[in-house]
Amino acid sequence: MFTLTPDAAAQIRAAAAGSGADEALRVAARHDTDGSIVYGMGFDEPREGDMPLEVEGIRLLIAPPSQALLQATRLDFVELEPGRFGFIFIADEAAAKEPTRRGCGGGGCSSCGG
């Protein structure tokens, strides 16, 4: 199951409040040409086939093509380097063939290449 850390949830709530977004957070993943997984997220409206979740009080949407890739993934908000914070997706190493740890930097909830 896709999960969020409390730090990620707090940052998402802050971003939603700052933008006035009343939509759910869409989380997406796809395989890149090199075989790695590219993650993305952004506020969006529900679509047919979406898997709705509520994790840490955050409404999430995951489209069918992303569901398997996000099954054992956790979203966190961490200090990437001194003074620079961002979101990271962490794949469960036991459940993934090739664990990846690709970031979604910045601090907002805009898409990061997914």
Side-chain angles (χ1 to χ4, degrees):
M1 172 194 256
F2 182 80
T3 60
L4 299 171
T5 65
D7 289 340
Q11 186 62 29
I12 292 164
R13 277 192 283 280
S19 71
D22 188 33
E23 301 165 323
L25 182 71
R26 179 172 300 281
V27 184
R30 66 175 170 80
H31 283 285
D32 205 357
T33 56
D34 66 1
S36 65
I37 299 176
V38 179
Y39 298 95
M41 61 185 186
F43 294 106
D44 198 7
E45 295 289 329
R47 297 182 200 149
E48 188 174 328
D50 281 345
M51 177 174 56
L53 296 172
E54 185 157 330
V55 181
E56 293 285 332
I58 304 294
R59 292 179 306 137
L60 300 170
L61 301 171
I62 302 175
S66 297
Q67 291 172 9
L69 291 172
L70 292 170
Q71 181 61 34
T73 303
R74 180 173 28 129
L75 178 61
D76 200 356
F77 187 76
V78 299
E79 188 168 17
L80 300 169
E81 57 186 52
R84 185 174 156 251
F85 293 82
F87 290 98
I88 60 169
F89 289 82
I90 304 166
D92 179 354
E93 294 183 23
K97 288 182 186 174
E98 288 187 34
T100 59
R101 187 175 171 140
R102 297 274 298 259
C104 184
C109 290
S110 61
S111 178
C112 65

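Excluded from the calculations below are hydrogen atoms, water molecules and symmetry mates; all remaining heavy atoms, backbone and side chain alike, are included.
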Item to check | Side-chain donor or acceptor of Q67 paired with backbone N/O of Q71 under 3.5 Å | outcome: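 Here the side-chain-to-backbone pair does not exist.
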Checklist entry - Any sub-3.5 Å donor-acceptor pair from R30's side-chain atoms to P65's backbone N or O? => result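 Checked: no pair found.
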Distance (rounded to the nearest 0.5 Å) between [X] [atom1] and [Y] [atom2]:
X   : Y   : atom1 : atom2 : answer
R26 : R47 : CZ    : CZ    : 4.0 Å
T5  : R74 : OG1   : CZ    : 7.5 Å
F43 : L61 : CZ    : CG    : 11.0 Å
Q11 : I58 : CD    : CD1   : 10.5 Å

Checklist entry - Applying the side-chain contact (heavy atoms from CB on, under 4.5 Å) test to F87, which of D76, L80, I12 qualifies? => result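 Result for side-chain contact (heavy atoms from CB on, under 4.5 Å) with F87: I12.
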Checklist entry - Hey, which of D50, L70, T73 is the one that makes side-chain contact (heavy atoms from CB on, under 4.5 Å) with I62? => result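 It is L70; the other options fail the test.
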Checklist entry - Taking the six-membered ring for Trp, are F85 and F77 parallel (under 30°), tilted (30 to 60°) or perpendicular (over 60°)? => result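 Geometry flag for F77 against F85: parallel rings.
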Checklist entry - Same cluster or not: are L69 and F2 linked, directly or through other Ile, Leu, Val, Met, Phe, Trp or Tyr residues, by side-chain heavy atoms under 4.5 angstrom apart? => result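 Yes, L69 and F2 fall within the same hydrophobic cluster.
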Checklist entry - Do I37 and L60 belong together in a cluster built from hydrophobic side chains that touch within less than 4.5 Å? => result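 Result: yes, single cluster for both.
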Next on the checklist: Can you see whether S36 engages D34 through a side-chain donor-acceptor pair at a distance of less than 3.5 angstrom?
Outcome noted: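 On atom types as modelled, these side chains qualify, holding a pair under 3.5 Å.
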Which atom of [X] lies closest to which atom of [Y], heavy atoms considered:
X   : Y   : value
S66 : A28 : OG-CA, 3.5 Å
E81 : E79 : O-CG, 3.1 Å
G40 : F89 : O-CZ, 4.1 Å
E56 : A9  : CB-CB, 3.6 Å

Item to check | Residues M51, V27; criterion side chain to side chain contact (heavy atoms under 4.5 Å, CB included); working and verdict | outcome: CA-CA 10 Å; M51 177 174 56; V27 184; over 6 Å; no
